[in-house]
Each structure stands twice: as structure tokens, then as C-alpha cells.
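I have placed the structure first, in the form of C-alpha cells, so that the comments after it can refer back to it.
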Amino acid sequence: MKKYTDSGKKDTRSGFGAGLTELGKTNPDVVALCADLTGSLKMDDFKANHPERFFQVGIAEANMMGIAAGMTIGGKIPFTGTFANFSTGRVYDQIRQSIAYSDKNVKICASHAGVTLGEDGATHQILEDIGLMKMLPGMTVINTCDYNQTKAATLAIAEHHGPVYLRFGRPKVANFTSEDQNFEIGKAVTLQQGNDVTIVATGHLVWEALQAAETLNDSGISAEVINIHTIKPLDDKAIIGSVKKTGCVVTAEEHNFLGGLGESVARVLAEQHPTPQEFVATQDTFGESGTPEQLMDKYGLNAEAIIKAVHKVIGRK
Amino acid sequence: MKKYTDSGKKDTRSGFGAGLTELGKTNPDVVALCADLTGSLKMDDFKANHPERFFQVGIAEANMMGIAAGMTIGGKIPFTGTFANFSTGRVYDQIRQSIAYSDKNVKICASHAGVTLGEDGATHQILEDIGLMKMLPGMTVINTCDYNQTKAATLAIAEHHGPVYLRFGRPKVANFTSEDQNFEIGKAVTLQQGNDVTIVATGHLVWEALQAAETLNDSGISAEVINIHTIKPLDDKAIIGSVKKTGCVVTAEEHNFLGGLGESVARVLAEQHPTPQEFVATQDTFGESGTPEQLMDKYGLNAEAIIKAVHKVIGRK
Amino acid sequence: MPFVPLSECLIFGTEKTTLMPDLSYLEDLIVQVRRDILRQVHKVNSGHPGGSLGCTEFFVALYQVIMDRKDSFEMDGKGEDLFFLSNGHISPVFYSVLARSGYFPIEELNTFRLIDSRLQGHPTTHEGLPGIRVASGSLGQGISVAIGAAQTKKLNNDDHLIYALCGDGELQEGQNWEAIMYAAANEIDNLIVTVDRNGQQIDGPTDKVLPMGNLKAKFEAFGWTVIELDNGNDLKAVIEGLNTAKSETGKGKPVCVLMTTIMGNGVDFMMHTHDWHGKAPNDEQLEIGLAQNPETLGDY
Amino acid sequence: MPFVPLSECLIFGTEKTTLMPDLSYLEDLIVQVRRDILRQVHKVNSGHPGGSLGCTEFFVALYQVIMDRKDSFEMDGKGEDLFFLSNGHISPVFYSVLARSGYFPIEELNTFRLIDSRLQGHPTTHEGLPGIRVASGSLGQGISVAIGAAQTKKLNNDDHLIYALCGDGELQEGQNWEAIMYAAANEIDNLIVTVDRNGQQIDGPTDKVLPMGNLKAKFEAFGWTVIELDNGNDLKAVIEGLNTAKSETGKGKPVCVLMTTIMGNGVDFMMHTHDWHGKAPNDEQLEIGLAQNPETLGDY
Ligand SMILES: Cc1ncc(C[n+]2csc(CCOP(=O)(O)OP(=O)(O)O)c2C)c(N)n1
Ligand SMILES: Cc1ncc(C[n+]2csc(CCOP(=O)(O)OP(=O)(O)O)c2C)c(N)n1
Ligand SMILES: [Mg+2]
Ligand SMILES: [Mg+2]
């Protein structure tokens, strides 16, 4: 078993902030837009270093998406920043028409996704954004797992031409991927090799999946863990390849089990290799206030829930 | 084989209009709101008969959803009417917070769904609305197949307490379900019994599925056809029951294959009974201008496409 | 249900003159509500004290003097005035005033933002908390909802009023202007929308983040009656302003009260800055804040 | 690329005086564009003639006289003026004027709204049609996009202008007011937004559907310079109005042209009504419409 160590808890949004700071220095075409959440999105550095390339749009997310689309005309690469709910559901039609259908090179960067946003509660905790964005033709959808990966992804999406949705979060979580990683859009990362079950996890659930795999290993179950940071385009091959070996799969995401990663995997399997699958995800409920840990626990989004799902799905082989 | 006959092509939106007209007479609590598309939504009769219960909100769909939510306070049952795109993607966050999370008794009635909207093209042809609405906790999602069923559904949702998304379309299509049907929310309707394959179809694809089943029957393939008018709550039992018998399934919907009915069915099967499945749906592209028939053909949304999928999926058993 | 029954109140700025409300009691209540706000957000180290403190006088005036409310809560709210909070983040003041107006036990303020609580970070109907008729938190939606409720009142021949509060930064959301345009066009004249004009939003003063120009001119250009309430932290002024607004209802136009407030009012180090928009005081800061607002009606 | 090169034009309303544009040629072009509109929508029995006809003079003025355009189309549009159509449904006039300004073969108008065409029902970049820089059709998004393009021009030290057109009914969408507020706050003064004030929308006259009150007062309250162009169907007046607008750019404020037009202009039975917003003429009606606009520059 590979050993992964937490180099010190950090929030993924700070990984975004660090990536944006770096892009500010290295790529003069990068511009940043924010809808009155500069601090929450960790965009202060970029703002301070490049005031002329930072655009405060106030509390007007629809306008922000339109402006970002327009800014690409003439060669800018706009990064928009607000909470995940206001980055997607609030502005779906604007993204659809002015960005996705118009094929504009806009990077939609979304913090505070999922229940781990915590105390603000359900109105802010979107659990549908992966589904929303994955349905848009031409959109790339990424959900990173830790600080280092979020920073690497931020740098990578600037190089990729086309609309991107980059999803990250608020709480401090384990930082375990390598600092100097090369982020390959659309390429799944197999973190653990295993034979008994495949765990396909994204975002904050990847670390939980690794913890689960360790515990499972102790009880003699060998779990393959795939970090599926890119939900669209989905790395079908990696998933199918693994599932053919293990014969069952658990998907894990901080998202409603309807419409998200889990259903994408179910579809790929139904088309290519029908397989028992369990879904670690929220069960079609809104979230609520609480600490991130309490909510992960209550809504079944942690290593324990993954372990339970693994036992169940292995029993179904 | 049961025989279904088209009693004369009619548009589903006119079924909605007829239902609303009837509700106007029978239910004094029903109010209707429209965002500058009264004629397209066939709301003129209601407007003429009950001007005091008809609210023209102009081109402001977000405001319409909020007003509808507020109107429920004091006992009204608001029916909102606009195109499917502007009923969902345009106002996702408003529906999410003010209607779904607030559990308001609003009926979101959406016409011109899918590519069969025709010549207006992709900006108007939403192929993601089923996915958008199914991800909202508490939302009931219905996609009716013909005039009679749309009328029956319109009457039924007025009796159901809670938010409902009712999806229908623009073109004239076969009207083949019975005029005096009782619409049961959440209850799949098996239109044809069969043993070789299950076809789970919704909306305009139901008639196509029936045509496909006839052709298949001639070539010795016995297809079970399920009209899954309610996508949420999904009638898992009916689907699983049929698939256990047939061993394979084709889903058919006028929607992106990502996020819609097909993925919901794949998820149910992955959890309960992994089964080969093929997806008759648009393949993650935007639509375009054209006649409804041309588009159904180009985007693989007709009997022919279903037949092809059936052959393929039977080969995978 | 108000502690100071309406019938005993002097209705300022209108012809009806009744008894003087017990202002000293209400001033005590205001101080107590400030304590409740500080203690709620301190306990969970999250929530929004700044806007809450700035709107304390408004909530006290509204629930204790202005609104004609029923004793028990019913979602349908027939035969009474209703209030909608659009800027849901100032839930601490809303919860405190609701509790202290009898909607739910005051001790329940102890559960603010805790898991399994009815007192969610932003107000919601989802947990069945009496006093809340719609969820808010995602900004910009409340005026639309209030308009809908106002139109239902008209349909029901219920001549009670609808009140709503929104933030000034919140008015940057376009949905508000849809609603503002609609309300004028449809003569929604049983509606009073108050704007918490504290000049602050998350990233700084509104004038720096996205200058909104002359709000009065904007509302007037959109066909509303506008009342400027220049001291939104003076209880008497708030009562007078809201009564003036009331007297402007029923005249074919929706009514807007531009209420100037001081963000963080009543806690000196929180005042006049956006810094405390969404930040809780630490232990020491709490002590200072509470000392500036000594217990009056009893802590929960 | 304009048929009438800018250098030969009299720039009305500014100090620069050059030659007189060939108005008689442009009047011929206007009639020809009207024919193109009618023939496009008639052929596929769908599309939006009303708004298109009302804006014919505007498009001809913009593309033939006003804009400083390059000969070839590049998405980035550096070093030239750019135009964004927010009310995408009036694509027939846009396509006709684009084609007749050299962006694509005029015969391609034959493919309007047909399957596999670059001339989609609403303009799109998706099929690579030269002249289109963003999709529109879902209303209310174009001003935001135009602002973004205007800000990029400033970043690029490109002192060309951004033009946009939107419908009057379209202004009921809140996103416009977000954009209008933002543009003033950020002194986007290289932007000219024209409003097609035809007083009509789908369900009827704007004043009946959702009265929008005084649009000039609204834009002014939102901090824009407003120019009223009272006869938007008089070519000279349109050129003058747009030149006045141009002369108001660079002064720290965005510029709005409230252009009064007649929906369906130039085809008598289509005029002054919303009936032809989105309806095509039948064979007979087409004949009448074409007879009122005899061929000038050659049908496609
Ligand atoms: C649609 C939406 N966008 C962004 C936010 C995040 N947010 C919460 S409060 C706030 C600032 C609100 O400013 P204002 O209305 O002036 O309230 P104040 O800070 O004065 O209390 C923002 C941007 C939100 N809740 N909803
Ligand atoms: C967001 C959105 N809502 C509704 C529509 C449907 N629609 C198309 S044009 C139109 C009326 C537009 O009125 P106006 O802007 O005045 O244009 P005109 O009819 O004068 O051409 C409507 C409601 C749409 N295209 N987009
Ligand atoms: Mg404020
Ligand atoms: Mg108009």
C-alpha cells in the first residue's frame, strides 16, 4: 500500500488563490472577476498585485458571467470567483448561452461547494453544481481534492482553451498530493492499486477514500482508489479498466447522488460493463448548518460511509 | 400486442392549456403567471376567463418564480408558464431557494422543451432541464407524452401539494393516450408487455418507442414499453421488475444523455440490478435550427434510433 | 402578541393617535437584542453581527409597534401583516426579535447555527421555525416573494400589509429591479420595502465595491414612493418613518423606505465598517461588546 | 469594407466634416434589406420580421456609416469597433446587413433557420458565421457581454468603440440593470447601447404587458448619458443620433441611445403592432410586402 501523508491541513480555496497569484505573474492575459467575495475566494493577492486586471462586479453574478464572456474577445482569460451556488445555479442560463454555447475561454472558479461550507446552511451549500455543469456541452468540470492539486489545476486550466468549471471548498483538509504535480485535465489518478473494489472519489472525498482503503486493507480488503478530479471529460477507460479487475465500485462525492459523478459512472458502466455500484453522496436532501465534520458525518460523506458502502457492494458481486 | 392509435396530432402544450382552462373553472385557488409568452403557453383562455387570477410578469422569469413562491402564502396555487429553458436554467437558484427549499406549492409549467422546439435553435432548446429539476430535493419532475396525458397531468398536479416541474413541448405529435385517464404521479405506465428488452421512454419519445416496438415485433423481438411520465420520484419498482424479466434496457428521452432520465435509470440499476443499457438521447451537443422531424432524426431521437439501440443492447445481454 | 399592544401605541405621523408606546421598554429590548446577536454569533464563531446590529431598531419597531400580527404562527398569514427578510444573513437579529416576540422559546437562540437546529445560518422554512415564511440567504429574491404575498393579500381581500427588508449591496442583484419594475407597473401598494442603507457590503463600502449612485432617484425613476429615514438607529425615528410609509400605502404605488443605518451599531469597534459583516467576536471582544450593552430583559 | 467608406462620410454632429455619405445608395440598401428580411422568414415560415424591420435603418447606419470595421472577420476584433446584438431574435436584419456588408455570401441568406445552416434562428458563434462574436436569443445578456468587450478594449489600449442593441421589452430582465449599474460605476465610456424602443413585445404593447415608465429617467438615475433618437426609421436621424452618441463617448459615462422605432416598419400591415413579432408572412402577404419594397440592389 502506498502511504499518503498530510503535509498540514489547508483549504482548497487557498490553493486556488495561490495558483491565481502565480498566474498573475506569469500570464498577462489572465484577468480576475469577483462578485463581492474577494476574501472568501482568496483573490486578495491577485487584486493587490494587479489592480488593473481585477474586476469587482458587486453582487451581480449574472452580469459577471456576461462580462467574463465579453472579455475573452480581445484575448483575455477571465477567471470568475464566487461561491459554487452563485457560480452555477444562479447563472446557469448565462453560462449556457454566453460562455458554453459561445465557446468562450472563461474559467468559472467556485468555492464553498457542498455541505463543508458549514454554518451558512443549505441556501449556500450547493450539492448539484457538478450535475449542472456536466450537462453543458463543451464544459470541462473539475473538482480538486486538496490544496496542492487545486493550485496545479488553476495553473492548468489557464493553458486549456475553452470553458472550465473548477470546484473547490472552504474547510481546511489534508494536503497530500505532491507540491510540484503536473495536473492533466481528464486523466484519472490511481492513488492505490487494489483488487477487491474500486473507489472512485472526487474532491474532499478523495482523502476519505484513502483513509477508508487503509482501514479496509487492515481487514483484508484491497481497494483501488481513483482520484477522479475531472468529472468531464470523464476518464472512462481508467474506470472501466479498474472495475473489470475489481468487479464492483463505490463512487464518493460531496454532491447529491442524483446527477453527479455517481450517475456519470453508472452510465459509463451501464453502457460498457454493468457492475454493482454504491453511491457515497448526499441522498437527495438539502444540507444544513453545522461544522464541516459534523455535516460530513451526518450526511454520510466520510471514510466510515465509504467503508460501509464497500462492504455492501462487495456483498453484491 | 396492444394497438395504440393516434386520434389526431396535437401539441402537448395545448393539453396544458386545456388543463389550465379546466382548473380555472374548478379550482378558485389556481392562479397563473406568464413571462410574455401567453400565446405560446396556451394560457390565453385562462387569462380571458379569469383576468384577476392571471399575472403577466413581463420578461422577468426570476421575478416570476419569486412572486409565485410568495403567492402560495395565503393559499394560492400558482402555475408559472414560460419556455423550458427560462423555466429552469434561467431561474435555477430562485426555484432552489424560494420554491424547493421553502417547500412552496408552485407548479412550474414549461413548454418548448428539447430540440423539437425547432427553428429557434439551441439558445432556446434546453436539453438539460430534466437533470436540473431532478437534482432539487422535493421537486416532482414530470414529462408528458401527448395532449391527453398533459391535460391529465395538469389537473393532477393541482391536487398534489408541493413544487412540481411539468415539461411539455411545442410540436404537434400523436395523441394516443385515453382522454379520460387518471394521471398518477410517480406511477409508470406499461404500454406494451414484452420479454426481450425494456424500453423506458418519456415525453415525445414514448410514441416513438411504441412505433419501435411494433417494428421490432415484426422482426420477432418482443419489447416492453414503459411510459415513465414521472422522472422524479422515479418508479424504480416498475423499471427493475421489467428489467429482471427482459435483461436489458433502452432509455429514450429528448434530453442530453448526461444527467437525465437515462442516468437515473442507470443509477437505479447499478444499485439494484446491473444491466446492459443503451441511451437514446442527445449526445452532449447543443441543438440547432431545423424542423422538429429533421432534428429528431439528426439527433437520433426517433423510432429508428430506438430500434438500433435495442438491437445493440440485446447483443450485449 | 406584541409586548406593547398596538392599541396602546401612538401612531406617529398618521392621524390616528393612541397611547404612547413604552419607549423605555423598547430601548431595553433593543439592548437585549444586541446582546443576543453578539452571543449567538460568538458561540458558533460564525454569522453576521454587523448588519444585524444595524437593523435592531428596525426589527424591534416592526415587530413590537408597527405590524399587526397574530398571536400564533400560521404559514398562510391571513388577516395579519407579514414580513419577509431578503438579506437572510442578518438572521441573528431576526431570530432574537422573533423569539422575544413570542414565536419560539428564547433559549432556542442557544442553538443558532448548530447542527439539527431550527435556527439555520440563514432563515428557512425547512425546519419549521415559527415566524419564517420563506428561505433567504441567496440574495435578491425577497422583494419578489413579498410582491407575491402582497398580490395574494389583494386576491383574498385582506387589507393587511406586506413588509420586506433588503440590504443596500443586495440591490446590485438584477432580480430586485425586475421586482421593483413589476411592483410599480402593477400598483402593488400594500407593500413597504425597507432598504438597510448602511453603505457597506462584504468587500468594503458600497461606494468602493460598486457605487450605486442615488438610490432615491433610482426607486423614483422606477415609480415608487420613497421615504428617507435618515436615522435608522433611532427608535423613534424608525417608528415615525415606518408609520409615514404606512400612511403612503393604498395610493397606487409601492413604498420604499431608504433607511440609513450604522453597520455594527451599538458596539463601538464594530461600527462604521464592513469588517464585521460576517465575522464573530472572540471572547475578549464579546466581553467588550456586552459591557457596552448591559443586560436588560435577561439573557437566554 | 463599408460600401461607403468612412473617410467619405459626413460625420454629422461632430466637428470632423468629411464627404456626404451616399444616402441614396443607403436608402436602396435599406429597402433591399427589408426584402431580405421578408424573404428569409417567409421561406421557413418562422422568425421575427417585426423587430427586424424596425431596426433596418439602425443596422445599415451602423455597418455602413458609423462603425470603424476591418475587412476580414476575426473573433478578437482588435483595432476595430465591435457590435453585439442582445435581442438575438432580430437575426434576419443582422444577417442581411452582415451579408451585404461582405461578411459572408449573400446567397447564404437562403439557408436561414434551415438544418445544418450557419444562420441559426438566433445568432450563434457555434457554426462559425463571420460577424457574430457571441450567441444571443435568451434575452438580457448582451449588455454584460458588451461591457466585457469594452473593458478588454481598455486593457488593450484599443480606443475603438463597442456598440450593442437591445429590445425595450428585453429591459425587463434584471441582468440588464446589473450591467447598467456596473457600467456607470466603472465609467465604461467606450460603450454605446441602443434600445429599440418600439413599444412592443410578444404579448402586446410594452405599456400593457409591463409598463416600463420613463426609460430616460431610469438610465439617467443609473448614471448614463441618454440620447433620445426620436425617429429611428429615418436614416439621417439615425446617423446623426449615433454620431452624437459617439461624441459623448470618452467622457466617463456609458452612453444610451433611446431609439424610437416602428415595429414592422416599411410593410404597412406589419406596422405599429406586436402581431408580427415572431410570425412569418404567407405567400400573399409576402407579395404585398415585397411590392411595397421593390428590388433595389438585387435579391439573393
Ligand atoms: C446571490 C448571492 N450572492 C452573494 C452572496 C454572498 N453575500 C452574502 S451577504 C453579501 C453582502 C451583502 O451586502 P448588503 O446587502 O449591503 O448587506 P450588509 O453587508 O450590509 O449586511 C454577499 C455578497 C449571497 N448571499 N447571495
Ligand atoms: C430570457 C428570455 N425570456 C423570454 C424570451 C422569449 N422572447 C423572445 S423575444 C421576446 C419579446 C422581446 O421584446 P422586445 O425586447 O421588446 O423585442 P421586440 O418584440 O420589440 O422585437 C420574448 C419574451 C427569450 N427569448 N428570452
Ligand atoms: Mg449593506
Ligand atoms: Mg420591443
Side-chain angles (χ1 to χ4, degrees), chain B residues 24 27-36 50-80 82 86 90-108 136-139 161-163, chain C residues 73-80 82-84 86 88 120 122-129 132-158 160 162 164 166 173-186 188 190-191:
Chain B
N27 191 333
D29 289 332
V30 166
V31 296
L33 296 87
C34 189
D36 197 22
H50 314 284
E52 76 295 350
R53 286 196 268 147
F54 179 81
F55 298 86
Q56 170 62 264
V57 296
I59 313 172
E61 295 82 6
N63 187 40
M64 177 164 74
M65 292 302 160
I67 292 176
M71 281 184 165
T72 64
I73 298 164
K76 301 304 162 206
I77 307 174
F79 281 62
T80 66
T82 181
F86 315 135
R90 185 73 178 199
V91 291
Y92 184 83
D93 188 43
Q94 285 80 15
I95 295 176
R96 186 181 196 273
Q97 171 169 288
S98 295
I99 297 176
Y101 186 49
S102 296
D103 191 26
K104 294 296 176 229
N105 195 21
V106 174
K107 315 304 169 185
I108 301 162
L136 284 172
M139 183 65 70
H161 184 93
Chain C
F73 176 73
E74 272 172 50
M75 183 55 83
D76 262 352
K78 288 184 181 166
E80 59 176 330
L82 307 180
F83 169 70
F84 294 93
S86 189
Q120 290 292 301
H122 295 80
T124 173
T125 60
H126 211 254
E127 315 296 328
L129 188 70
I132 312 287
R133 288 194 171 82
V134 79
S136 55
S138 177
L139 295 167
Q141 304 187 28
I143 302 181
S144 300
V145 175
I147 290 170
Q151 294 201 288
T152 286
K153 286 252 177 259
K154 293 201 176 205
L155 284 171
N156 289 345
N157 295 316
D158 177 346
H160 283 82
I162 303 292
C166 66
E173 285 287 353
Q175 184 181 346
N176 292 300
W177 299 97
E178 295 179 357
I180 291 164
M181 194 185 279
Y182 175 92
N186 290 279
I188 311 294
N190 54 346
L191 172 69

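Lettering of chains follows the sequences in order, A, B, ..., and the numbering in each one begins at 1. From a predicted model like this one, the values you see are computed outputs, not experimental measurements. Just the heavy atoms: all of them, side chains too, but no hydrogens, waters or symmetry mates, feed the values below.
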Shortest non-hydrogen contact between [X] and [Y], atoms and distance:
X	Y	result
B:A62	C:Q175	O-NE2, 3.4 Å
C:T152	B:K76	OG1-CG, 3.4 Å
B:S102	C:V134	OG-CG2, 3.4 Å
B:Y101	C:H126	O-CD2, 3.2 Å
C:Q141	B:S98	OE1-OG, 2.7 Å

Check: Is any side-chain heavy atom of B:F55 closer than 4.5 Å to a side-chain heavy atom of C:I147?
Finding: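 With C-beta onward as the side chain, the pair stays apart.
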
Select, from [options], the one with the greatest count of heavy-atom pairs under 4.5 Å involving chain B.
options	value
C:G140, C:A149, C:S138	C:S138
C:S136, C:G77, C:A150	C:S136
C:K153, C:K78, C:M181, C:Q151	C:Q151

Taking atom [atom1] of [X] and atom [atom2] of [Y], what is their separation to the nearest 0.5 Å?
X	Y	atom1	atom2	value
C:L155	B:R53	CG	CZ	9.0 Å
B:E61	C:E178	CD	CD	7.0 Å
B:I73	C:N156	CD1	CG	12.0 Å

Counting only heavy atoms closer than 4.5 Å, note whether [X] contacts chain B via side chain, backbone, both or neither.
X	result
C:L82	side chain
C:A146	neither
C:S144	both

Next item on the list: Verify side-chain contact (heavy atoms from CB on, under 4.5 Å) between C:M75 and B:K104, making sure each step is shown before the conclusion.
Entry: CA-CA 11 Å; C:M75 183 55 83; B:K104 294 296 176 229; 3.6 Å; yes

Margin query: Shorter than 4.5 Å, heavy atoms on both sides: which option in B:A68, B:A60, B:G74, B:G58 has the most such pairs with chain C?
Written below: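 Result: the option with the highest number of such pairs is B:G74.
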
Notebook entry, point to check: Quick one: of B:I99, B:T72, B:D103, B:D93, who has the most non-hydrogen atom pairs under 4.5 Å with chain C?
Noted result: B:D93

